[in-house]
Amino acid sequence: MPELPEVEQVRKTLLPHIKGKTITKVEVYLDRLVKHPSSEQFIKNLTGRTIEDVCRRGKYLVLKTGVNQKLIVHLRMTGSLVAQASDLEAPPYAKIKFELTDGVTMWFCDIRTFGTLYLVTDDDCYIAGYETLGPEPLTVGFNPEYLAPIAAKSRKPIKTLILDQTVIAGLGNIYADECLALAGILPTRIANTLTRAEIEAVHEAANKVIAQGIANRGTTFRDYKDGEGNKGDNQNHLLVYGRGGEPCKTCGEPLATTKVGGRGTTYCAKCQH
DNA sequence: CTTCGTTCCTGGAAGC
DNA sequence: TGCTTCCAGGAACGAA
């Protein structure tokens, strides 16, 4: 599922194919994916616009399509944005087609159709979840001094806390499990029981697993592909996610699985405390 | 206020 | 073999 490193990889691979190109035609095959405005207005207001830049905030892709207009896309579980030559046929599960100048077509595809798209202007459309995003990993705003008081006030499991996008923008189920494995902290630990040293370990581990995910061009478990349709490589470097029952890479004990906040969770009962 | 459960959706795996 | 059931999960939303 696309988390921060995957969305960043989509951004990077999409950028050279679509930046500076003009949207000549938009077709929406599944209206409910367009959350704002109506799909008719969405099509009308995007047609003729030029993609000035491709940015990312948390797990959201942000395409600047004018001084006061942005196309904001959340891929959720199985969404993808792929740029390819216009003479190629539609990829599987194509839901929205963006025809661009210079013979390029960008497709929004989605198997489970949880993805969401918004066309916003500065004074129109508040996206719940976007405005309230917390600091990004690997930025100065994300640091132990920021994280410690939040954890101290929370009675949630630490995994649930770091999955909260208002606390940290961009961690999903894969990188949350990886972060806690690297930090040596049990996912079920209640956030306010973590020591200062443990908070620092979580902070450092979050930065490391996100940086590694980006360096490995994202994690492809099943459906994730980047803006050029290629898979990532980080699935070959994971400590725990998807490895339940397999030996811990540190101690060799079989990795345990459980549910935390309704999410499948894998950890090492020997290495994580 | 915080925290928890439900909901959306499809394809693949597991179970009978 | 072939059918049915379950599960994966981000985040909005309603309920406690």
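Protein chains get the first letters and strands the later ones, always in sequence-line order, with residue 1 at the start of each.
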Taken to the nearest whole Å, OH/A/Y224 to C1'/B/dG11 is 20 Å

Distance below 4.0 Å between A/H74 side-chain N/O and C/dG10 OP1 or OP2 = no

Can you check the A/K259 NZ to C/dC6 C1' distance for me, whole Å?
-> 10 Å

Under the 3.5 Å rule, do the base of C/dG10 and the side chain of A/R263 count as making a donor-acceptor pair?
-> yes

At under 4.0 Å between heavy atoms, what does A/K35 touch on the DNA or RNA strands: base, sugar-phosphate, or nothing?
-> nothing

Phosphate oxygens OP1/OP2 of B/dT2: is one of them under 4.0 Å from a side-chain N or O of A/K153?
-> no

Between C/dG10, B/dT3, B/dT10, which nucleotide gets closest to the side-chain atoms of A/M1?
-> C/dG10

In whole angstroms, how far is the C1' atom of C/dA8 from the CG atom of A/D177?
-> 13 Å

On DNA chain C, check which nucleotide each of A/R222 and A/Y60 is closest to and give me the residue with the more 5' one.
-> A/R222

Salt bridge check: are A/E136 and A/R56 linked by an N-O gap of less than 4.0 Å?
-> yes

Are A/R57 and A/E131 ion-paired here, with the side-chain N under 4.0 Å from a carboxylate O?
-> no

A/R155, nearest nucleotide to its side chain (from B/dG11, B/dT3, C/dA12) = B/dT3

For the side-chain contact (heavy atoms from CB on, under 4.5 Å) test, which of A/L182, A/L180, A/L255, A/D177 pairs with A/L239?
-> A/L182

For residues A/N45 and A/Q69, is any side-chain donor paired with an opposing acceptor at under 3.5 Å?
-> no

Minimum-distance nucleotide (side-chain atoms of A/R32 versus C/dG10, B/dC9, B/dT10) | B/dC9

Please determine if A/E40 and A/K44 form a salt bridge, counting it only when a charged side-chain N lies under 4.0 Å from a carboxylate O.
-> no

Would you mind reading off the distance between A/D223 atom CG and B/dA13 atom C1', rounded to a whole angstrom?
-> 14 Å

Closest to the A/N173 side chain: B/dT3, C/dG10, B/dT10?
-> C/dG10

Closest nucleotide among B/dT10, C/dA11, B/dC9 to the A/F114 side chain | B/dC9

Which listed nucleotide (B/dG12, B/dT10, C/dG10) is nearest to the side chain of A/I111?
-> B/dT10

Counting any heavy atom closer than 4.0 Å, what does A/Y93 reach on the DNA or RNA strands: base, sugar-phosphate only, or nothing?
-> sugar-phosphate

A/N192 and A/K156 side chains, donor-acceptor separation under 3.5 Å = no

Length of the NE2-P vector between A/H36 and C/dA12, whole Å = 16 Å

Out of C/dA8, B/dT3, C/dA11, whichever nucleotide has its closest atom nearest the side chain of A/S154 = B/dT3

Could you check whether A/Y241 gets within reach of a base, just the sugar-phosphate, or nothing at all, counting any heavy atom under 4.0 Å?
-> sugar-phosphate

Once you apply the 3.5 Å cut-off to both distances, tell me the Watson-Crick or G-U wobble partner of B/dC8, or none.
-> C/dG10

Atom NZ of A/K95 and atom C1' of B/dT10 are separated, to the nearest Å, by 10 Å

Shortest side-chain distance from A/T113, nucleotide among C/dA12, B/dG12, B/dC9 = B/dC9

A/E3 has its side chain closest, among C/dA12, B/dT3, C/dG10, to C/dG10

In whole Å, what is the span from the OH atom of A/Y175 to the P atom of C/dG10?
-> 12 Å

Just how far, in rounded Å, is C1' of C/dA12 from CD of A/E131?
-> 15 Å

Ignoring backbone atoms, establish whether A/Q165 has a side-chain N or O less than 4.0 Å from OP1 or OP2 of C/dG10.
-> no

Note: A/E198-A/R196 ion pair, threshold 4.0 Å (strictly below) = no

Assign each of A/R76 and A/P157 to its nearest nucleotide of DNA chain B by heavy atoms, then name whichever residue's nucleotide is nearer the 5' end.
-> A/P157

